Trainee: 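Following this message is one structure expressed as structure tokens.
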Amino acid sequence: MNNQKRHMGLKAANRLSNTIIYIILIIISVIWLLPFIFIVFQSFRVESTWQVGYVIPQQWGLQNYINLWNSDFKRWYLNTFIIALASAVLVTVIQLCMSYTLSRFRFKARGPLMRFMLILGMFPGMLTMIILYRVLADLGLTQANAVPGLILVGVASSGMGYYVSKGFFDTIPKSLDEAARVDGATRFQVLYKIILPLAKPIVIYTILTAFMGPWGDFVFARYVAMGTSAGYNVAVGMYSWLTNDQISNWYTTFCAGGVIVALPVTILFLCLQKYYVEGVTGGAVKG
Amino acid sequence: MKRYSDMEYLRLSKWQKFVYKLVSFLVGIPLGIGHFFAKIGSAIKNGCVKFGGECKEIAVGFVHGDWKTKISYVVMGFGNIARGQVLRGLLFLLFEAVFIFYMITTGGYWMSMLPSLGKQGPESVYNPVLDTNTTVYHDNSFKILLYGVLTMFFIVAFVYTWWVNVKQNIIAEKIVKSGKKLRSGKDDLRSLVDDQFHKTLLALPMLGIVMFTVLPIVFMVLVAFTNYDGSHNGYSNALFTWVGFKNFGTLFSWTSTGAAGTQSYSATFGEILVWTLMWAFFATFTNYFMGMGVAMAINKKGIRLKKMWRTILVMTVAIPQFISLLYVSKMFAQNGLINQMLQGLGWIKSPLPFWDDPIWARVTVIIINIWIGIPYLMLITTGILMNIPADLYESAKIDGANGWQQFRKITLPYMLFITGPYLLTSFTGNMNNFNVIYLLTGGGPTNAAASGAAGSVGYTDLLITWLFKITTGSESQYYLASVIGIMVFVVVALISLVVYNVLPSIKNEEDFQ
């Protein structure tokens, strides 16, 4: 009898704590989603192009999207898309080469190399912008030609970001390689026939992050474009709408642009969510 | 300090344990740093000994080698070709030819100019054809420094290749003498996809890193010792030159250089550094613990729709940061949505100074960063939380531990052990978190007391945003930006060094695999 009572008490306590958790989760979801819902509402607002004290538009319309179409936004979007696509391919190849090698091979220079890159990573990347800008300018890859320049710099320095995928490769048992080697496979065959099929999640993770990165690339892109609209990516271009003298005319257009940029990326991300989570939890933590 | 054995330690009271831990941590910092320098010292010593050995070996190889090997000391790859390894020999020879050609045509010039960074700046010359003064440009300090560094890289590469060439010839000679066969060019090519496969794989990534990361960093470190700025851009207005440690002196000067009432450079630097560390601390640990909390809430038994809660949060990871940050920044602006709404409801009379008051701005930045960071942390911690063996909790429950005790004694130690390295990288990453600060506040509100320093310093400026502002301002004091960059490196390196010596989970990489 007594025992049963205690059991009931525990159950009630459990139900109470679950209720509290539900309430917290609902509040969190609301806080996390609200700003994005606001953006969507404001992108359809016609009556004023600047901030107002309410969320739901008094007049709905597509004016902001039409403005978007008539501005340089198309060009920026195309620029960003090209950069994202190119780096999705090239960055993935480079990072996988790097991480696979550092995870699987034991050669003399490996330890010093990894320590060296760790130390390199402690320098703020911002510092190198000045010189990279001048070098790109010498190559004629700035301003209107910023796209190939950004791809070049982004891809060339991407080898430094090998940590996550190395962490993943470390989890694939080495006995697999060894067995194949005993059977007479070359290192290349081991990579191509055995490791790559197993590494599908991390390959997709790398492609996904490499593709998503350029959409948010801001400061170096702005440096390289140097005020030439044709060389902007979406982040730089839309930032120029929010400067103090532009914002009152462009604020709602910015919201519309935000929707157009975020939609495809978010849908892609949600589709590949499973791989992203696997990559993050498998590789990122072990570093 | 006295070191306790395990048994003695267990007998201490809670308070004594805490003091003991704290003291041993604090003592560990100088010990760790000392240890590090001792390690560097012994590494240098070993290097010297090794270098001496190599020199001796090369000298002995020259004296005892046959004529093929001897000629290879001057004409790289000669011995390889003579012994039938044509492919290797030709590559060595080609490299030597390119190097000599480069040094004679351009490399020599860059190297000779490197000590002065250019002798003749631009000058105004009377042009009789146009009948006006036109500017004639001569040396270019920027290019001299850049190509000078590149040439030095090239020389190092050449010396290394020469050394490899000599070693190979000595070895090849021995192999031939002992009657074995040398590897053919075909074997060499095949080994590139087999036992030398790592070289093939690393070639391209490393080339990129050397050209676009190492070279720029070396260049920018050197800039800290020059007077490169907007009015000495090295070409079109004036050359820049070496100034030694003067710029470090500027950053650490104790007297104010600006108008009356402004503070010195060192005070400004110290203020920004303290805020940078504070920000990194709060940004890392608020996200970490709150992200863990959310993950645990979603993981809790009996909570339904786990996938939905996760998806809602994960969605916000996908949206490019500049959109969410810029939007939220405007939302909290003086005439932004939040202030207008609150005023419309009559809850406040005047707008809240989210971005205009130093304290408000700093707190708001940290809170918005929580909003940005929690979903990501939730993802990371979910996976690890699920990996904690369930029987640990079962036995804890049987022993009568409540939820809080379970968290303190099982979850937290486990998490800290696994995520230690992540916390470190996240801390240093936050120190250099340019996007969040720059897109939210742009560094503002302006710090009037710091107006003597370059780059209009604000209260939420991190070192990294300050560095950026200095390079884009009207004066563009690149040398000062470079000094700050070096200081950031020093701070990050010191923190990493201390943490690495304290953390258990980094020490042995192979254990982890």
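Just the heavy atoms: all of them, side chains too, but no hydrogens, waters or symmetry mates, feed the values below. Here is how names work: the chains are called A, B, and so on, in the same order as the sequence lines, proteins then strands, and each is numbered from 1. Nothing here was measured: the structure is a model prediction, and the numbers come from that model.
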Trainee: Which atoms of Ile94(A) are under 4.5 Å from chain B, going by heavy atoms: the side chain, the backbone, both sets, or neither?
Mentor: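 Ile94(A) touches chain B through backbone and side-chain heavy atoms alike.
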Trainee: Show the nearest heavy-atom pair for residues Ile323(B) and Phe254(A), with the distance to one decimal.
Mentor: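 Minimum heavy-atom contact is O-CZ, 4.2 Å.
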Trainee: Of all of Val314(B), Val488(B), Thr428(B), which one pairs up most often with chain A through heavy atoms under 4.5 Å apart?
Mentor: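 Most pairs with chain A among the choices: Val314(B).
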Trainee: Between Leu25(A) and Ile298(B), does a side chain to side chain contact (heavy atoms under 4.5 Å, CB included) hold up when you go through it step by step?
Mentor: CA-CA 8 Å; Leu25(A) 284 179; Ile298(B) 295 176; 3.8 Å; yes
Trainee: Where does Ile247(A) contact chain B at under 4.5 Å (heavy atoms): side chain, backbone, both or neither?
Mentor: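 For Ile247(A), the contact with chain B is made by the side chain alone.
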Trainee: Could you tell me if the side chain of Phe123(A) sits less than 4.5 Å from the side chain of Met220(B), heavy atoms only?
Mentor: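 No, their side chains stay 4.5 Å or more apart.
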Trainee: Check whether any side-chain heavy atom of Leu379(B) sits under 4.5 Å from a side-chain heavy atom of Tyr276(A), and report yes or no.
Mentor: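 Of all side-chain heavy-atom pairs linking Tyr276(A) with Leu379(B), at least one is under 4.5 Å.
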Trainee: Mind listing the closest non-hydrogen atom pair of Val317(B) and Phe269(A) along with its distance?
Mentor: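 Shortest heavy-atom contact: CG1-CZ, 4.1 Å.
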Trainee: Could you go step by step and tell me if Phe188(A) and Thr200(B) meet the side chain to side chain contact (heavy atoms under 4.5 Å, CB included) rule?
Mentor: CA-CA 10 Å; Phe188(A) 178 71; Thr200(B) 320; over 6 Å; no
Trainee: Do Val214(B) and Phe116(A) come within less than 4.5 Å of each other through their side chains, counting heavy atoms only?
Mentor: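 Heavy-atom side-chain distance check passes, below 4.5 Å.
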Trainee: Under 4.5 Å heavy-atom distance to chain B, tell me which part of Asp217(A) shows up: side chain, backbone, both or neither.
Mentor: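 Contact with chain B: none, neither part.
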Trainee: Ala185(A), Ala235(A), Gly258(A): which one forms the most heavy-atom pairs within less than 4.5 Å of chain B?
Mentor: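 The residue among Ala185(A), Ala235(A), Gly258(A) with the greatest pair count is Ala235(A).
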Trainee: Quick check: do Thr425(B) and Tyr163(A) have side-chain heavy atoms less than 4.5 Å from each other?
Mentor: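 No, side chains not in contact.
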Trainee: Does the side chain to side chain contact (heavy atoms under 4.5 Å, CB included) test come out yes or no for Ile209(B) and Leu120(A), once each step is laid out?
Mentor: CA-CA 10 Å; Ile209(B) 289 176; Leu120(A) 270 189; 4.1 Å; yes
Trainee: Do Met238(A) and Leu326(B) make a side-chain contact, defined as non-hydrogen atoms from C-beta onward lying under 4.5 Å apart?
Mentor: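 No. Closest side-chain heavy atoms not under 4.5 Å.
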Trainee: Using a 4.5 Å cut-off on heavy atoms from C-beta on, say whether the side chain of Leu113(A) contacts that of Leu202(B).
Mentor: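 Yes, their side chains come closer than 4.5 Å.
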Trainee: If I measure from the heavy atoms of chain B, does Leu132(A) come under 4.5 Å with its side chain, its backbone, both, or neither?
Mentor: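 Side chain only.
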Trainee: Considering only heavy atoms and a distance below 4.5 Å, find which of Leu325(B), Leu439(B), Asn435(B) pairs most often with chain A.
Mentor: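 Max contact count across the listed options: Leu439(B).
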Trainee: Contact part of Ile26(A) toward chain B, heavy-atom cut-off under 4.5 Å: side chain, backbone, both or neither?
Mentor: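 Contact with chain B is through both the backbone and side chain of Ile26(A).
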Trainee: Can you tell which part of Gln42(A) gets under 4.5 Å to a heavy atom of chain B, answering side chain, backbone, both or neither?
Mentor: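 Only the side chain of Gln42(A) comes within 4.5 Å of chain B.
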Trainee: Heavy-atom distances under 4.5 Å only: say whether Ile20(A) touches chain B with side chain, backbone, both or neither.
Mentor: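 Answer is neither: Ile20(A) stays 4.5 Å or more from chain B.
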Trainee: What are the two closest non-hydrogen atoms of Thr266(A) and Ala318(B), and how far apart are they?
Mentor: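 In this case the closest contact between Thr266(A) and Ala318(B) is CA-CB, 3.8 Å.
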Trainee: With a 4.5 angstrom heavy-atom cut-off, could you sort out which part of Val490(B) is near chain A: side chain, backbone, both or neither?
Mentor: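 Neither part, no heavy atoms under 4.5 Å.
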Trainee: Which answer fits Leu270(A), side chain, backbone, both or neither, if we ask what part of it has an atom under 4.5 Å from a heavy atom of chain B?
Mentor: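 The side chain, not the backbone.
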Trainee: How close do Phe489(B) and Ile119(A) get, heavy atom to heavy atom, and via which atoms?
Mentor: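 The answer is CE1-O, 3.6 Å.
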Trainee: What part of Leu127(A) is in contact with chain B, defined as an atom under 4.5 angstrom from a non-hydrogen atom: side chain, backbone, both or neither?
Mentor: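 For Leu127(A), backbone and side chain are both near chain B.
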Trainee: With chain A as the partner, which of Asn432(B), Leu146(B), Leu204(B), Ile374(B) has the greatest number of non-hydrogen pairs under 4.5 Å?
Mentor: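 It is Ile374(B).
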Trainee: So which part of Ser158(A) gets closer than 4.5 Å to some heavy atom of chain B, the side chain, the backbone, both or neither?
Mentor: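 Ser158(A) has no heavy atom closer than 4.5 Å to chain B.
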Trainee: To check you understand the geometry: which heavy-atom pair defines the closest contact between Ile370(B) and Trp32(A), and what is its length?
Mentor: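 The pair with the smallest heavy-atom distance is O-CZ2, 3.7 Å.
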Trainee: Tell me, side chain or backbone of Val190(A) under 4.5 Å from chain B's heavy atoms, or both, or neither?
Mentor: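 For Val190(A), there is no contact with chain B at all, as no heavy atom is under 4.5 Å.
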Trainee: For atom NZ of Lys274(A), is the number of surrounding heavy atoms from other residues, nucleotides or ligands below 6.0 Å larger than 12?
Mentor: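 No, NZ of Lys274(A) has 12 or fewer neighbouring heavy atoms, counting only those of other groups under 6.0 Å.
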Trainee: Flag yes if more than 12 heavy atoms outside Phe107(A) fall under 6.0 Å of its CZ atom; otherwise flag no.
Mentor: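 More than 12 heavy atoms, drawn from other residues, nucleotides or ligands, come within 6.0 Å of this atom.
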Trainee: Tell me if the aromatic rings of Phe322(B) and Tyr239(A) count as close, with their centers under 6.0 Å from one another.
Mentor: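 Between Tyr239(A) and Phe322(B), which both carry aromatic rings, the centre distance is not below 6.0 Å.
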Trainee: Below 4.5 Å, heavy-atom pairs only: which of Leu208(A), Ile267(A), Thr128(A), Val155(A) has the largest tally toward chain B?
Mentor: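 It is Thr128(A).
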Trainee: Mind checking whether Phe218(A) and Tyr438(B) have parallel, tilted or perpendicular rings, split at 30° and 60°?
Mentor: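 Plane angle between 30° and 60°, so tilted.
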Trainee: As a quick check of understanding, evaluate side chain to side chain contact (heavy atoms under 4.5 Å, CB included) for Thr101(A) and Phe197(B), giving each step before the final call.
Mentor: CA-CA 9 Å; Thr101(A) 313; Phe197(B) 192 30; over 6 Å; no
Trainee: Relative to chain A, which segment of Ile338(B) carries a heavy atom at a distance below 4.5 Å: side chain, backbone, both, or neither?
Mentor: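 Answer is neither: Ile338(B) stays 4.5 Å or more from chain A.
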Trainee: Could you have a look at Leu215(B), Val294(B), Asn335(B) and say which one has the most heavy-atom pairs with chain A under 4.5 angstrom?
Mentor: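 Answer, by heavy-atom pair count under 4.5 Å with chain A: Asn335(B).
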Trainee: What part of Lys143(B) gets closer than 4.5 Å to chain A, counting heavy atoms only: side chain, backbone, both or neither?
Mentor: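 It is the side chain, since no backbone atom gets that close.
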Trainee: Picking from Arg134(A), Gln273(A), Met126(A), which has the most non-hydrogen pairs under 4.5 angstrom with chain B?
Mentor: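 Top count of heavy-atom pairs under 4.5 Å with chain B: Arg134(A).
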Trainee: Under a 4.5 Å heavy-atom cut-off, does chain B meet the side chain of Tyr100(A), its backbone, both or neither?
Mentor: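 Side chain only.
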Trainee: Do Phe212(B) and Leu152(A) have side-chain heavy atoms sitting under 4.5 Å apart?
Mentor: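 In contact.
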Trainee: Could you tell me which of Leu337(B), Thr213(B), Leu342(B), Leu313(B) has the largest number of non-hydrogen atom pairs under 4.5 Å with chain A?
Mentor: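 Heavy-atom pairs under 4.5 Å are most numerous for Leu337(B).
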Trainee: Return the option, out of Val261(A), Ile28(A), Ile130(A), with the maximum number of heavy-atom pairs under 4.5 Å with chain B.
Mentor: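 Answer, by heavy-atom pair count under 4.5 Å with chain B: Ile130(A).
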Trainee: Of all the heavy-atom pairs spanning Pro205(B) and Met98(A), show the shortest one and how long it is.
Mentor: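 Here Pro205(B) and Met98(A) meet closest at CB-SD, 3.4 Å.
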Trainee: Can you tell which part of Met212(A) gets under 4.5 Å to a heavy atom of chain B, answering side chain, backbone, both or neither?
Mentor: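 Just the side chain, heavy atoms under 4.5 Å.
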Trainee: Select one option (side chain, backbone, both, neither) describing which atoms of Arg104(A) are under 4.5 Å from chain B's heavy atoms.
Mentor: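 For Arg104(A), neither part sits under 4.5 Å from chain B.
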Trainee: What I'd like to find out is whether the side chain of Ile319(B) reaches to under 4.5 Å of the side chain of Val265(A), using heavy atoms alone.
Mentor: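 Not in contact.
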Trainee: May I ask you to check whether over 12 heavy atoms, not counting those of Met290(B), lie within 6.0 Å of atom CE?
Mentor: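 No, CE of Met290(B) has 12 or fewer neighbouring heavy atoms, counting only those of other groups under 6.0 Å.
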Trainee: Which residue out of Cys255(A), Ser29(A), Ser157(A), Gly216(A) racks up the most heavy-atom pairs below 4.5 Å with chain B?
Mentor: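 Counting heavy-atom pairs under 4.5 Å, the top option is Ser29(A).
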Trainee: Look at the aromatic rings of Trp309(B) and Tyr22(A) and report parallel, tilted or perpendicular, splitting at 30° and 60°.
Mentor: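 It falls in the tilted class, 30° to 60°.
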Trainee: Which one of Cys97(A), Ala262(A), Pro124(A) has the most heavy-atom pairs closer than 4.5 Å to chain B?
Mentor: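 Heavy-atom pairs under 4.5 Å are most numerous for Pro124(A).
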Trainee: Might you confirm whether atom CE of Met211(B) has over 12 heavy atoms from other residues, nucleotides or ligands at distances under 6.0 Å?
Mentor: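 Open: at most 12 neighbouring heavy atoms sit under 6.0 Å from CE of Met211(B).
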Trainee: Aromatic ring centroids of Phe36(A) and Trp371(B) under 6.0 Å?
Mentor: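 Yes, the ring of Phe36(A) comes within the 6.0 Å limit of the ring of Trp371(B), centre to centre.
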Trainee: Flag the one option from Gln196(B), Arg304(B), Gln321(B) with the top tally of heavy-atom pairs under 4.5 Å to chain A.
Mentor: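 Answer, by heavy-atom pair count under 4.5 Å with chain A: Arg304(B).
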Trainee: Are there more than 12 heavy atoms of other residues, nucleotides or ligands under 6.0 Å from atom NZ of Lys306(B)?
Mentor: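 Atom NZ in Lys306(B) is crowded, with more than 12 foreign heavy atoms closer than 6.0 Å.
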